Every structure is written in C-alpha cells, then in structure tokens.
Amino acid sequence: MGIIYNEKFKTWTLQTKNTSYQMKAGNLDYLLHLYYGPSIGDADLSYQIRQYDRGFSGNPYASRNERTFSLDAQPQEFSTQQQGDFRTTSIEIVNSDGSYSFNGTVTDHKTWKGKYKLDTLPTVFARKNDTVDSLQITLSDPISNVQILLLYSVFEEADIITRAVKVVNGGDQPIHLKKIMSVCLDFLNGAHMDLVSLPGRYGQERQVERQHMTHHIHTIGSVRGSSSHQQNPFVILCDRGATEDYGSCYGCSLMYSGNFLAEAELDQYNQLRLVMGIHPKQFVYQLKPKEVFEGPEVVMAFSEKGFTGLSHLYHDFYRYNLCASKYVQEVQRPVLINSWEAAFMDFDDTKLVEIAKAAKKMGVDLLVMDDGWFGKRNDDNSSLGDWVVNQKKIQCGLDRLVEQINELGMKFGIWFEPEMVSEDSDLYRAHKEWAMEIPGRRGVRSRNQLALDMSRVEVQDYLIKSINQILDNANIFYVKWDINRSLADIWSNALPSDKQGEVYHRYILGLYRVMDNIIKTHPDILFEGCSGGGGRYDPAMLHYYPQYWVSDNNHPIDRLKLHYGTSFVYPISSMGAHISDSGKLVPLRTKAVVAMCGTFGYELDATHLTEEEQQLCKEQSDLFRKYYPLIFEGDYYRLTNPFELGNMTAWQHVAKDKSESLLSVVVTNLTCNGPQEYIRAKGLLPDAMYTINGNREAYSGSALMNAGLPIEREVPEYTAFQFHLEKVRIEGI
Ligand code: GLA
C-alpha cells in the first residue's frame with residue numbers, strides 16, 4: 001500500500017485502497033506513465049508499451065540508430081518540449097540562451113510519510129488518522145540545468161492521489177516559463193473515452209456537458225483572471241458507456257482560482273493525453289537562478305462506479321481534507337437571511353432590524369447585511385474600496401446594529417468585495433495606481449468598477465488592515481466575500497515591463513495571502529465565497545471558505561440543474577442555497593425542499609411574508625436543522641438528470657451507516673392524464689426495512705431501490721415531496 005518502488009524494474013506504484021497508479025523510469029530514463037485504474041498490484045506494466053518505427057515521429061539522439069523509440073508515442077508523466085513529441089506539452093520554457101527546449105529525465109526520487117506542502121499555493125491536507133505517503137521524482141535537463149520536481153501524495157483510504165509540480169532554475173542565468181501544467185495523464189487507448197466538463201454562464205453555472213474524444217485537442221479553460229462562471233477547473237474522462245452507476249471515470253480537479261487550461265488530446269494512435277494547469281495566456285514567468293516556481297495542485301480520483309462513485313470520492317475528500325474552518329465539522333452552520341434580494345442597497349439600520357425580527361419568527365439564526373453598507377454606496381457606481389460604514393444608512397453605528405441583532409438572539413454577517421475599486425471612491429482618488437489599468441489607456445469597466453492590483457503588497461496590506469478593522473470592531477459572525485467582474489487590463493504599476501506576464505498569477509497569489517491572513521486572524525468567523533453568484537467556485541476557494549454561493553439564480557427549477565451540476569465534484573455542504581421570491585409559480589415549500597440541497601437560508605424581505613408563510617418557513621428551517629447531519633455528511637445521489645426530458649427531478653441523501661435517508665422529488669412538468677411515475681432509491685441496505693415519514697408500513701431497501709416509490713399523480717404544479725426513510729430497528733438485534 002502507499003508508494004512502492006521496485007528497484008529492479010524502476011517502477012513506482014501508487015496504491016490506494018481501490019486504485020493503482022504506475023510510473024517507470026523507462027528507456028533512457030524518461031519517466032513513463034504505465035497505468036491508472038482499478039488495483040493491479042505493483043507488477044511492472046511496461047509490457048503494455050509496444051515500440052515500433054512510427055515515421056515522422058522523432059527519436060531522441062541518445063537512442064542512436066534505434067528508430068523505434070519515440071517520445072511522440074510514449075505515455076509520459078510530464079511531457080518534454082521539442083524532443084520529438086508533437087502532442088501538447090507539460091512545459092514551455094525559454095532557456096537563458098533563447099532556446100525553447102526542455103529534456104528532463106529521472107535523476108532522483110524520494111518518499112516520505114505525510115502530505116507534501118506548497119509554499120505559495122493552497123493544498124488539501126491529511127487529517128489525523130489518514131494514511132498518506134508522498135513521493136518526489138526529479139527530472140533534470142543537464143544542458144539548461146532546469147529541474148522539474150514532480151510531487152505526489154497518496155491518500156490511501158480516500159482513493160485520492162494529488163499531484164503538483166515545481167520548476168527549479170538550477171542554472172546561473174534567468175529563464176522564462178511560458179507554460180507549466182500540473183498534471184499530465186496519458187492513456188494508451190483513449191478512443192473510447194468521453195470528456196465531461198461543467199460549462200455555464202452567469203446565472204447558469206456548472207451545467208454538465210459530455211463530448212466524445214475525437215482526433216484533436218479539446219480545450220477547456222478560463223482566461224478571465226478567475227476560474228469563472230463559464231468553465232470550471234474540473235474534468236472527467238470516462239468510458240463512453242459510463243453512467244451514474246457504472247463505468248470507469250477519472251477526475252482531475254485543479255486547486256486554482258485564476259486562469260486555467262485543460263487540454264485533452266486524442267492523438268494519431270488513439271492515445272489520449274490530458275494536461276491541466278495554469279493557462280499559458282499572457283503567462284511569462286521569469287525565474288532567476290535558484291528560484292522555484294510552484295504550479296497548483298491537482299486532485300485526482302478514479303472510480304469504476306460511474307459518476308456517482310467519482311462524486312462520492314470527491315465529496316468525502318473535499319468535505320474534510322480541504323478547509324480547516326471549524327464550520328466544516330465541529331460547529332453546525334446557521335440558517336441565514338441575506339438582505340440582497342430583500343432590499344438591494346436601499347436599507348438602513350431600522351430596516352435591517354425589522355427584517356431580522358421577522359426572520360427570527362422564521363427560525364433564522366443569522367442576518368447578513370449585503371452590499372450597500374459602506375462609503376456612500378447607494379448603487380453600484382461608487383465606493384468599492386472604501387470599507388468604512390456609511391453613517392447615513394447605519395446611523396446607530398455598526399457596533400450598535402450588531403448588538404440589536406444579537407439581542408434578538410441572532411448572529412450578524414457582512415458583505416465585502418475586497419478585490420475591487422470604484423473610480424468614485426476615496427481609495428481610487430488617493431491611489432489610482434493601485435487599480436489595474438494599462439498606462440496611457442483607460443481601464444475596461446465592468447459593473448462600472450475596476451479591479452485592484454492584488455499582486456501589489458501595499459494593496460494586500462491595505463485590504464488586510466481595513467477589513468480586519470471592521471471585523472475586529474463589531475461582533476461579526478459571518479463574511480460573504482464577493483468578486484463581481486472578470487479581469488482585463490492586466491498590468492501592475494509595481495512591476496517592470498518585462499514582468500507583466502506574471503501579473504495574472506501574482507494577482508491570485510496576492511488574493512490568497514489576503515484571504516489567508518483575514519481568515520486565520522478570525523478563526524471563529526464563517527466565510528462564504530461568491531462571485532456574481534457561482535463564478536470562481538473552485539477547490540482553492542473552498543480551501544478558505546467552507547461554503548460558496550452557487551448562483552445568483554434562485555429560481556428553484558433552475559436550481560435543480562445548478563445543484564445537479566455542482567454536485568459532480570463539490571460536496572453539498574459547500575453549496576450556498578436560499579429561498580427567494582424568484583419563481584412566483586413555485587410553492588414556498590418546494591423552494592425550501594430545493595434549498596435543503598445546500599446550506600439553506602433566505603434571500604427575501606421577511607417583513608413581506610404573511611404570518612402563515614413565516615410559520616411555514618419556521619417549520620422548514622427546523623426541518624433543515626433536523627436533517628443537517630444527513631445532508632452535510634451523508635452520501636448524495638443524483639436520482640434523475642434534470643437536463644433530460646422527464647417529469648420530475650429527484651435526489652437523495654443517505655446516512656453513511658444507511659440507517660436513514662432523505663429522498664426529495666420536485667414535479668417539474670405536469671402532463672395531463674400522465675402516467676404513474678416511480679422513483680428508485682439508491683444506497684440503502686437491501687435487506688433492511690425502512691419506514692417512510694414515520695408511517696407504520698415498512699419496505700425493504702431492495703424494493704425501494706429496484707421497484708421504487710410511486711409518486712402521487714395529479715398534484716399541483718411544482719409540488720415537492722420529501723421522503724424521510726428510517727431503518728426499522730428489530731428488537732433484540
Ligand atoms: C453579487 C452577488 C449577490 C450580491 C451582489 C451585491 O451579484 O452574487 O449575491 O451580493 O453581488 O452587489
């Protein structure tokens with residue numbers, strides 16, 4: 001188990017509970033990739049690679065007159081540059097002499113217990129009882145003296161392997177890095193594979209798309225300066241026949257919040273290469289002698305049990321090995337109400353207290369004051385950057401406002417958009433040079449705001465100081481951290497002209513530094529990430545925040561798709577989901593059932609609800625609290641695909657010990673005189689008997705999973721059902 005090095009064959013086998021991953025220092029000490037999939041032990045799999053003269057594929061000079069060895073046809077762990085491999089590369093480097101070349105072979109390796117760390121970027125971590133082993137393989141180019149350190153950590157019980165890469169300039173002159181991919185995953189036969197990704201747009205994030213591999217490079221990525229709404233740094237390669245429950249699925253999830261690229265190339269021999277890492281667009285990173293560049297971590301998983309099997313691996317792992325916040329496990333998260341859709345920026349302290357009083361009756365624990373509380377902000381044209389309370393709106397002062405909310409027995413939360421600046425702000429007037437604008441040109445405006453140059457230390461320090469000051473001076477329980485535009489005008493006034501190709505990445509490093517400081521200074525605050533809804537919803541963000549706003553689109557029927565897509569990789573406990581006024585035809589109860597597939601809360605003016613509605617909300621809030629352990633820690637199953645034609649969408653949470661389950665159904669499409677519909681449960685114990693919603697009759701797990709549950713017909717439009725299944729305890733057993 002763990003990492004097995006076979007000296008005779010020069011193979012490394014990374015072994016998790018159910019998977020094996022094998023590499024070999026092969027011909028001429030090139031690092032070849034031999035296998036990733038179900039456990040096969042540590043037998044050398046190099047017999048898989050057949051060498052023959054490929055024609056028009058180069059042979060390394062060191063192979064002399066031997067024409068059968070070409071890197072163009074070798075499965076590799078880290079593909080070289082300009083060495084006769086014409087597929088997409090792991091690296092593009094400009095050496096100090098101006099040559100574009102990297103030819104690295106294995107020169108060293110070491111293993112150790114525990115997880116590797118990166119100095120500049122967030123990573124997953126090992127928990128106390130996890131069995132984790134790590135490996136570092138060094139690839140060296142003797143001509144340029146550039147070294148690549150390939151890092152692997154093997155999480156045995158979790159069936160997870162992480163990878164990262166470091167580039168070391170071992171020469172005595174600067175070099176320039178133009179592309180560095182964190183993972184290269186080669187398959188000897190990829191013609192039968194599909195690529196699944198999570199594209200979207202504002203309001204419709206992480207919709208699921210699946211495409212057959214064909215003979216070209218399929219690229220997925222973002223060049224918006226953030227991981228974006230439009231794509232997500234997560235891909236699956238799966239068997240063409242893979243379904244929710246069956247088939248081989250490989251996942252790669254990149255821990256990075258900036259520009260990223262994934263390329264899947266099916267080559268002339270039906271070999272498949274997947275690379276993933278920082279997007280090379282406008283990326284030129286200078287490395288001086290002895291300097292090290294770190295690429296972000298990739299979290300890999302393999303499952304033979306279809307998309308559900310793969311999602312469960314990621315959910316279990318990201319739930320507990322990603323974010324150190326106490327709200328991950330130790331402390332239950334509150335039911336919140338957010339002021340945004342209740343009042344937008346038109347509020348004052350009195351209005352907020354009124355909303356809180358009404359929300360209290362609905363069983364809400366936390367009031368969040370969203371955008372509009374600072375500077376002189378009454379619309380989105382001003383004040384970003386001026387993180388001081390608007391005394392005209394919050395006349396009693398922030399401290400007193402928070403006290404009033406606390407006196408109601410509720411907690412208080414606040415909104416920030418730290419990375420942005422309005423031209424109409426004291427900050428911009430004082431420090432125009434802190435905004436990202438290209439010299440001599442005016443910046444591209446988006447939502448009428450500019451981005452701050454987060455790569456700049458003074459900007460980072462200003463944000464750390466001004467945000468900490470607010471958080472230190474009132475009893476703040478929760479922070480929503482937003483970013484509402486994509487980046488353009490990539491320029492830093494603090495860097496010389498030959499280092500502008502580093503700004504995209506340095507922005508992200510600066511952002512991580514600010515977040516790290518503020519979050520570590522306030523370990524008791526619950527943080528939620530947001531980017532115009534669910535842009536930048538990525539694992540690096542979830543390293544800092546235990547939860548993330550899924551989308552500004554609160555329409556419950558759209559939310560069915562949003563939750564479905566997001567759940568392919570991110571755990572339900574990370575998904576911010578609220579009930580709002582959106583979806584006038586959808587009953588309040590259905591909205592609540594949908595919002596329970598996430599952190600649950602409200603995004604409406606509670607003072608406008610009738611007493612009856614407030615009472616219904618109270619019941620739903622209490623129900624959410626009751627089911628919280630099941631929803632947050634249980635296994636999640638997608639029972640239907642809302643992108644396919646059907647009359648209902650269903651999903652299910654199952655306790656790890658399978659003693660109970662919550663099965664939810666929303667009728668999305670009513671047909672006149674429609675057929676009887678059945679929903680088949682998943683994940684139950686086949687031989688156990690389960691009661692439903694406390695009724696006396698019990699049904700076997702196998703009946704519920706194979707025959708299914710009949711769903712009541714002829715119900716009003718958008719009716720929702722929740723079935724709470726409880727395993728019958730048989731006396732004496
Ligand atoms: C973004 C967020 C919203 C809200 C507004 C405030 O759009 O997604 O939830 O916070 O900003 O401006």
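None of the values given here were measured: they were computed from a predicted structure. Indexing begins at 1, ligand by ligand and atom by atom, following the structure's order.
At the shortest separation from atom 10 (O) of ligand 1 among protein heavy atoms lies D370 OD1, 2.7 Å. Looking only at protein heavy atoms, the nearest one to atom 5 (C) of ligand 1 is W340 CE2, 3.6 Å. Scanning the protein heavy atoms around atom 12 (O) of ligand 1, the nearest turns out to be D371 OD2, 2.6 Å. Closest to atom 2 (C) of ligand 1, if we only count protein heavy atoms, is D482 OD2, 3.1 Å. Summary of contacts: the protein heavy atom closest to atom 7 (O) of ligand 1 is D552 OD2, 2.8 Å.
Close approach of ligand 1 to G532 is summarised as follows: ligand atoms under 4.0 Å from at least one heavy atom of the residue are 1 (C), 7 (O), 8 (O). Close contacts of ligand 1 with C530, meaning ligand atoms under 4.0 Å from a residue heavy atom, involve 2 (C), 8 (O).
Between G533 and ligand 1, a contact under 3.5 Å exists for at least one N or O pair. The N/O atoms of K480, backbone and side chain alike, include one that comes under 3.5 Å of an N/O atom in ligand 1. Ligand 1 has a nitrogen or oxygen under 3.5 angstrom from a nitrogen or oxygen of R447. Taking only nitrogen or oxygen atoms, main chain and side chain alike, R377 does not reach within less than 3.5 Å of ligand 1. Looking at Y202 next to ligand 1, no N or O pair under 3.5 Å apart turns up.
For E417 (side chain) and N484 (main-chain N/O), a donor-acceptor pair under 3.5 Å exists by modelled atom type. At distances below 3.5 Å, at least one donor-acceptor pair connects side-chain atoms of T590 with backbone N or O atoms of Y718.
A 6.0 Å sphere centred on CD of E407 holds more than 12 heavy atoms belonging to other residues, nucleotides or ligands.
Of the charged side-chain nitrogens involved, at least one lies within less than 4.0 Å of a carboxylate oxygen, so that D426 and R429 count as a salt-bridged pair. In summary, E437 and R445 do not engage in a salt bridge, as defined by a charged side-chain N under 4.0 Å from a carboxylate O.
Looking at H505, H279, H543 one by one, the single match for ring pair (Phe, Tyr, Trp, His ring centres under 6.0 Å) with Y256 turns out to be H505. In summary, of the residues considered (Y537, Y318, F527), a ring pair (Phe, Tyr, Trp, His ring centres under 6.0 Å) with Y548 occurs for Y537 alone.
In N484, the part holding a heavy atom less than 4.0 Å from any atom of ligand 1 is the side chain.
Taking the six-membered ring where the residue is Trp, the centroids of Y570 and F568 are separated by 6.0 Å or more.
Ring geometry for Y636 versus H315: interplanar angle of 30 to 60°, hence tilted.
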